[in-house]
Amino acid sequence: MRAAGRAAWARVWDRVAASDLGLLRLTAGLRTVCSIALTLAVLSLAGASVPHLVAGAMSAMVSTFAIREKQRGQQAVTLALGLPVALASVSLSALLNSRVVAGDVFFVLLIFGAVYSRRFGDRGTALGLIGFQIYFLSLFVGATVSALPRLYGVLGVAFVCSALVRFALVPETPAGTLDRLRRAFRARFAQLVTAQIALLDAGPDDMEKALTDVREGTARLHETALLIQGRLEDGTSDATVARLVQRRIADAEVAAERLGLLLLTARSAERGHTLTLHLPGAPVPLADRLPVRDEATDTLRRDLEALRLLVLRPSGTDSGTALAHVRNRLLGYREEENLPPGPDAVQDVFRGIGEAGRAVLGLRIAVDGPQDESEDTPATTRSREELDAEDLAIAGSEESESEDAERTGLRRPTTRAAVQVAVGSSLAIIGGEFLSSQRWYWAVLTCWIVFINTSSTGEILVKGYRRLLGTVLGVIAGIGLAGLVGHHTWTAFALVLLFIFAMFYTAPLSYTLMSFFVTAMLGLLYTLLHTYSASVLVLRVEETALGAACGVVAAALVLPVHTDRRTNELLGTVLERLTDVTEAAVDQLSGGAAAELLDKARDLDQALADLSASTQPLTHPITPLRARRDTARYVVALLETCAYHARYLAATAELLPTHPSIAADPRLREAGRRIVHNIGVIGAHVSDGDEDGVGEIETGPSIASLLRPGTPGTPRYGRVTDRVLRHLQRLDEAVVGLARPLGVPIATPAK
């Protein structure tokens, strides 16, 4: 029973780890709640009044969530600097409380400075956030000069409790976060394999759902890989180890995505296209090959289950004859003579399983060190030798210390945002005073929040809409909860803690949900302060709507950055990064010098993630421009397809010195030249916004047929060299396909 219970708990925990990457949301929620709870306990023992309890709870929350640095030493410095900033902020608020005009002017200047400080990195952002939020807090609790000494004590207790929780009770280290992210990657990899098994077994009526699950699983795995790559440098003490783990994560991601594509091909009448895995709502390929129960598909289904088991098996439990037998069988599929009999498409899936098994083995070695080799077969030994050779090549490569540290491009956007939010806040103060001379700051808070982590007018509009919707729902909940809780102080505080945890846990998932929990929590705080009434919560809705409107007006009229302009800038960046990766990978595959390909691929993935986020206003369900929404989704999906093929080329190019089945081929340069030229033409069209004078997209014969003259048909997935040709061909097709929705002219091939 205990073993079954532990197994069930492990499955549940894997699901939690897969849904909450690195347990980042769980940790943030727990740390904040524990900071508030400890602060409330200390203040209550000291006999603090309810207003001071509220002030302490909100101060503990701010001092906890404002700190964003990854290293503990940096966090301690920022937290120490945050206390004098908080003391100065509450002092100025109390001093200016009776001077309306001077107080409003200072508040606007404070808001400008808080946003402007984001240019100084995480520490500047944190200190600006603390200054603004503590000033807002003093307005909320009605701070006065006579109450300052006690408020100083409350702030001191809150910051000390926050530090104690952060560094002792709920500690977080970069290495620990990275370890949890790797576990999340393993869990999501296993979930993707589960979805691929369902795709294999799906009947004609279930294909669409099965394919949707594979799409979602592929996207979630990629999201985890991006997070891991962004934390490797801080989470590992050795740069070589960080680079090795980065390489193994990239290998595993590519192998998992390719396995899904091969399964799709095995189920459909034609070779699966990568775009199908990236475009939501794409037509489902004709599944004329129904799931059958022959020997080949039974073996395939069994080996996919074995791959899932291999992925899920925790570190330190990979010894034993049974698991070694599973690993050896999967790695054996990398050898032609070990492939089970069956159709070509099914044999390709077995090859894909073999490559996925090799990727899992490489990741285990990189993360956990050497493994038991006593049960290895010759095929497994060859895989280990390849991995060892790659590790030595990575360890011996020169690390590139030069990074693009230029931040001049970030300064103008930071200044622009500071001016916009200052203007919007001024409008919110004026309008808020007309609605309520006592609660006007709610409009300012909303105006401030809609500008956080937004870069265009469209993003601000969508964020304002979501905040208003969450606020309306939260008001309804707040009215009901206030009636139930009444004046039971500690019951209300317990619900406040619950809502704060829910707020932080749901914030990355849904801004509407976060706004709901914030508003419901505020209803309870008003109850504790004996200032609750239904009219107060209704006023909050009005102030929220006003603040959102002021933010949108300021963004639209003051130094506006329209969504089209923002997405075009980011699209240009993605195309530049795609050019860098493709050009460097093809050059290395053609016999050129080695380059930092994995770093370039990571930059491409990050640029694509930024573009995808910026298109949310265009793809939001409420947008009335349906054709524009579909075009945006199609372009992003095509770019994800291009990134996948470029990522594979980069990973393969780095294998040249060690992989026996790859050889440099100078003829690849001509194929790469056409692709790079076409990407450049699209980039020039996007940046110039003019179809004239930017050239045309070149088309021509299949790349595979150019490089393999005399070979009839299309080369199958087999040896790595054949797959390089296939990925180049797919990349060429995707780039040409990208030209059509963007309106780039395509040259007519000569007859």
Side-chain angles (χ1 to χ4, degrees), residues 222 225-226 228-230 232 243 246-255 257-258 274-275 278 390 393-394 397 399-400 402-404 570-612 635-657 659 662 664-665 668-684 686-687 703 720 723-739:
H222 181 60
L226 275 180
I228 291 175
Q229 291 174 354
L232 277 173
R243 183 166 178 78
Q246 177 187 359
R247 171 56 194 269
R248 297 306 172 213
I249 289 290
D251 285 347
E253 183 188 359
V254 169
E257 189 164 358
R258 178 172 173 264
T274 319
L275 179 62
H278 296 145
E390 293 170 21
I394 291 174
S397 64
E399 293 293 333
S400 175
S402 61
E403 294 185 4
D404 184 13
L570 292 175
L571 176 57
T573 301
V574 172
L575 293 171
E576 290 176 8
R577 300 290 184 268
L578 180 61
T579 299
D580 292 342
V581 177
T582 304
E583 196 168 26
V586 171
D587 181 67
Q588 194 164 328
L589 287 167
S590 304
E596 299 292 339
L597 288 172
L598 288 181
D599 291 338
K600 293 179 183 292
R602 184 176 66 178
D603 292 341
L604 169 61
D605 288 336
Q606 187 57 58
L608 186 52
D610 293 341
L611 174 63
S612 180
V635 168
V636 171
L638 275 172
L639 288 170
E640 288 175 346
T641 297
C642 292
Y644 163 69
H645 293 298
R647 199 182 306 125
Y648 178 88
L649 293 174
T652 305
E654 290 210 340
L655 295 177
L656 273 177
H659 207 294
I662 308 176
D665 191 336
L668 287 172
R669 280 201 175 90
E670 180 58 27
R673 185 207 63 78
R674 186 171 80 192
I675 296 174
V676 170
H677 165 79
N678 288 342
I679 298 173
V681 169
I682 296 173
V686 169
S687 60
I703 289 176
V720 178
R723 296 205 299 271
V724 168
L725 298 177
R726 171 57 58 187
H727 282 275
L728 274 173
Q729 178 65 34
R730 290 300 196 192
L731 179 58
D732 184 39
E733 294 170 354
V735 171
V736 174
L738 188 63

Taking all atoms of both residues into account, what is the closest heavy-atom pair of [X] and [Y], and its distance?
{"X": "A607", "Y": "V574", "answer": "O-CG2, 3.4 Å"}
{"X": "A609", "Y": "L226", "answer": "CB-CD1, 4.0 Å"}
{"X": "G672", "Y": "V586", "answer": "CA-CG1, 3.8 Å"}
{"X": "A734", "Y": "C642", "answer": "CB-SG, 3.5 Å"}
{"X": "V581", "Y": "A646", "answer": "CG1-O, 3.7 Å"}

As an exercise, state the distance from [atom1] of [X] to [atom2] of [Y], rounded to the nearest 0.5 Å.
{"X": "D605", "Y": "R647", "atom1": "CG", "atom2": "CZ", "value": "4.5 Å"}
{"X": "E583", "Y": "L578", "atom1": "CD", "atom2": "CG", "value": "11.0 Å"}
{"X": "L649", "Y": "L589", "atom1": "CG", "atom2": "CG", "value": "6.5 Å"}
{"X": "I679", "Y": "R577", "atom1": "CD1", "atom2": "CZ", "value": "13.5 Å"}
{"X": "I682", "Y": "L639", "atom1": "CD1", "atom2": "CG", "value": "8.5 Å"}
{"X": "L638", "Y": "E733", "atom1": "CG", "atom2": "CD", "value": "11.5 Å"}

Check your understanding: Can we say K600 and D603 salt-bridge, meaning some charged N sits less than 4.0 Å from an Asp/Glu carboxylate O?
Key -> no

Check your understanding: T579 side chain to L575 main-chain N or O, any donor-acceptor pair under 3.5 Å?
Key ->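 It does hold such a pair.
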
Point to revise | Within-4.5 Å side-chain heavy-atom neighbours: D251 and R248 | key: yes

**Study point:** Derivation and outcome, side chain to side chain contact (heavy atoms under 4.5 Å, CB included), residues T573 and L611
**Key:** CA-CA 9 Å; T573 301; L611 174 63; over 6 Å; no

Review point. Under 6.0 Å from the CD atom of Q246, do we count more than 12 heavy atoms belonging to anything else shown?
Key: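 Enclosed.
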
**Study point:** side chain to side chain contact (heavy atoms under 4.5 Å, CB included) between L738 and T641, worked out
**Key:** CA-CA 10 Å; L738 188 63; T641 297; over 6 Å; no

